[in-house]
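Keep in mind that the numbers below use all heavy atoms, side chains included, and drop hydrogens, waters and symmetry copies.
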Amino acid sequence: LIKGHARWIENASPVEYLVVDAPSPAAVSAVKDAVVTLDGFITARSFSHVSDSSQINPCTGQPNTVSWRSGDGPGGTLAVAGVCVNTQAQAIVGFRIAFDLFDTWATDGDPESFDVQNVAAHEAGHMAGLGHVNAPRDGCLSMYTFSARGETQKRTLGWGDKLGLDMIYGSGDITSGQCGS
């Protein structure tokens, strides 16, 4: 454990999550694909998309969710992730991800829309304990602060994303990704 850095701790039970108010079944699949991308690097736990969950996020009193909600409007903040942390144990114990329903979403790389899986991979990175990267050279990493319409390259993890996850979870995979720097 990195001192002062929250992470999921070992537990045999999968972390269940719901996808709520998605704009399409393809959006649900894109979220699931993004979570699977990160899941292999979070060696302490696994994640399971379910239609109903009895697991409760202690910070919200609700199940862990990925949802589409009213946000700041088109082109602003695309999505946010809230992570519930047991500060005493420095353990992540729940999460909530919300996409701005006022933005235009697609799952096929439409150049006029934001890609669900691209943005979901970024938010799942926060769910895993990663923070933003902001240097111009990091623009192709999933954890880069910004996303563009039609962008799909951040659906997969870059080398910096993998290095961060390896520091937190000891995944052992630090191979270069689509974004090698």
Side-chain angles (χ1 to χ4, degrees), residues 5 7-8 15 17 19 21-43 45-47 49 64-69 71-83 92 95-181:
H5 198 307
R7 60 176 260 148
W8 291 96
V15 176
Y17 68 95
V19 179
D21 300 327
S24 69
V28 174
S29 293
V31 167
K32 289 169 34 179
D33 289 345
V35 171
V36 166
T37 296
L38 276 284
D39 196 1
F41 293 87
I42 305 170
T43 56
R45 300 296 292 269
S46 63
F47 296 82
H49 171 255
N64 298 310
T65 59
V66 177
S67 62
W68 274 258
R69 300 282 184 243
D72 64 353
T77 300
L78 301 175
V80 294
V83 179
I92 300 172
F95 70 92
R96 178 180 56 186
I97 296 172
F99 286 80
D100 187 343
L101 66 81
F102 294 123
D103 282 298
T104 305
W105 297 99
T107 58
D108 60 0
D110 172 17
E112 300 301 318
S113 302
F114 293 101
D115 186 77
V116 174
Q117 187 176 345
N118 197 70
V119 175
H122 174 90
E123 299 307 331
H126 290 310
M127 173 198 70
L130 293 175
H132 286 134
V133 293
N134 296 311
R137 72 174 184 273
D138 297 331
C140 60
L141 293 174
S142 295
M143 295 314 298
Y144 189 64
T145 305
F146 302 101
S147 183
R149 286 179 175 81
E151 179 182 73
T152 61
Q153 72 180 358
K154 297 174 190 166
R155 289 179 176 183
T156 59
L157 301 177
W159 187 47
D161 302 313
K162 290 179 179 183
L163 286 172
L165 290 165
D166 186 60
M167 282 181 50
I168 299 169
Y169 297 102
S171 66
D173 183 350
I174 55 170
T175 58
S176 66
Q178 184 168 334
C179 179
S181 59

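- Under a 3.5 Å cut-off, the side chain of Y169 and the backbone N or O of R7 do not form any donor-acceptor pair.
- By the 4.5 Å heavy-atom criterion applied to side chains, F99 and V119 are counted as neighbours.
- Remark: the backbone N or O of I97 is not paired with any side-chain donor or acceptor of E123 at under 3.5 angstrom.
- Counting non-hydrogen atoms of neighbouring residues, nucleotides and ligands closer than 6.0 angstrom, the CD1 atom of I174 reaches no more than 12 such neighbours.
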For residues 30-39, dump all side-chain donor-acceptor pairs below 3.5 Å to protein atoms at least two apart in sequence or in another chain.
residue: T37; atom: OG1; partner: D33; partner atom: O; Å: 3.0
residue: D39; atom: OD2; partner: F47; partner atom: N; Å: 3.3

Do V15 and W8 pass the side chain to side chain contact (heavy atoms under 4.5 Å, CB included) test, and can you show the C-alpha distance, the side-chain angles, and the key distance before you say yes or no?
-> CA-CA 10 Å; V15 176; W8 291 96; 3.6 Å; yes
Just do the side chain to side chain contact (heavy atoms under 4.5 Å, CB included) check on L130 and L165 with the steps written out, would you?
-> CA-CA 7 Å; L130 293 175; L165 290 165; 3.8 Å; yes
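- If you look at H132 and Y144, their ring centroids are not closer than 6.0 Å.
- Scanning both residues, A128 and I168, for their nearest heavy atoms gives O-CD1, 4.3 Å.
- Heavy atoms only, all atoms of each residue included: H126 and V83 are closest at O-CG2, 3.3 Å.
- The closest side-chain heavy-atom distance from P74 to F102 is below 4.5 Å.
- Within the 4.5 Å cutoff, the side chain of F95 has heavy atoms near those of the Y17 side chain.
- For the residue pair D173 and S171, no side-chain donor N or O sits within less than 3.5 Å of a side-chain acceptor on the partner.
- In this structure, L157 and S142 approach most closely via the heavy-atom pair CD2-OG, 3.8 Å.
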Trace of the side chain to side chain contact (heavy atoms under 4.5 Å, CB included) decision for V28 with H49 | CA-CA 9 Å; V28 174; H49 171 255; 3.9 Å; yes
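- Scanning all heavy atoms of the two residues, the minimum distance from L78 to S147 falls at CD1-CB, 3.9 Å.
- In this structure a side-chain-to-backbone donor-acceptor pair under 3.5 Å is present from D161 to M143.
- With a 6.0 Å radius and a threshold of 12 heavy atoms from other residues, nucleotides or ligands, R45 has its CZ atom above the threshold.
- Residues T104 and E112 have side chains not in contact (no heavy-atom distance under 4.5 Å, counting atoms from C-beta outward).
- Judged by distance alone, the side chain of D100 and the main-chain N or O of G71 form a donor-acceptor pair under 3.5 Å.
- A heavy-atom distance below 4.5 Å is not found between the side chains of D110 and R149.
- Scanning for side chain to side chain contact (heavy atoms under 4.5 Å, CB included) contacts around S24 gives A26, A27, with sequence neighbours left out.
- Applying the side chain to side chain contact (heavy atoms under 4.5 Å, CB included) rule to T152 yields the partners D115, R155; only residues at least two apart in sequence or on another chain are considered.
- In terms of heavy atoms, T77 sits closest to D72 at N-OD2, 2.7 Å.
- In this structure a side-chain-to-backbone donor-acceptor pair under 3.5 Å is missing from D21 to S67.
- A distance of 12.0 Å separates OG1 of T107 from CG of N118, quoted to the nearest 0.5 Å.
- With contacts defined as side-chain heavy-atom distances shorter than 4.5 Å, the pair W68/V19 qualifies.
- Rounding to the nearest 0.5 Å gives a distance of 9.5 Å between SG of C140 and CD of E151.
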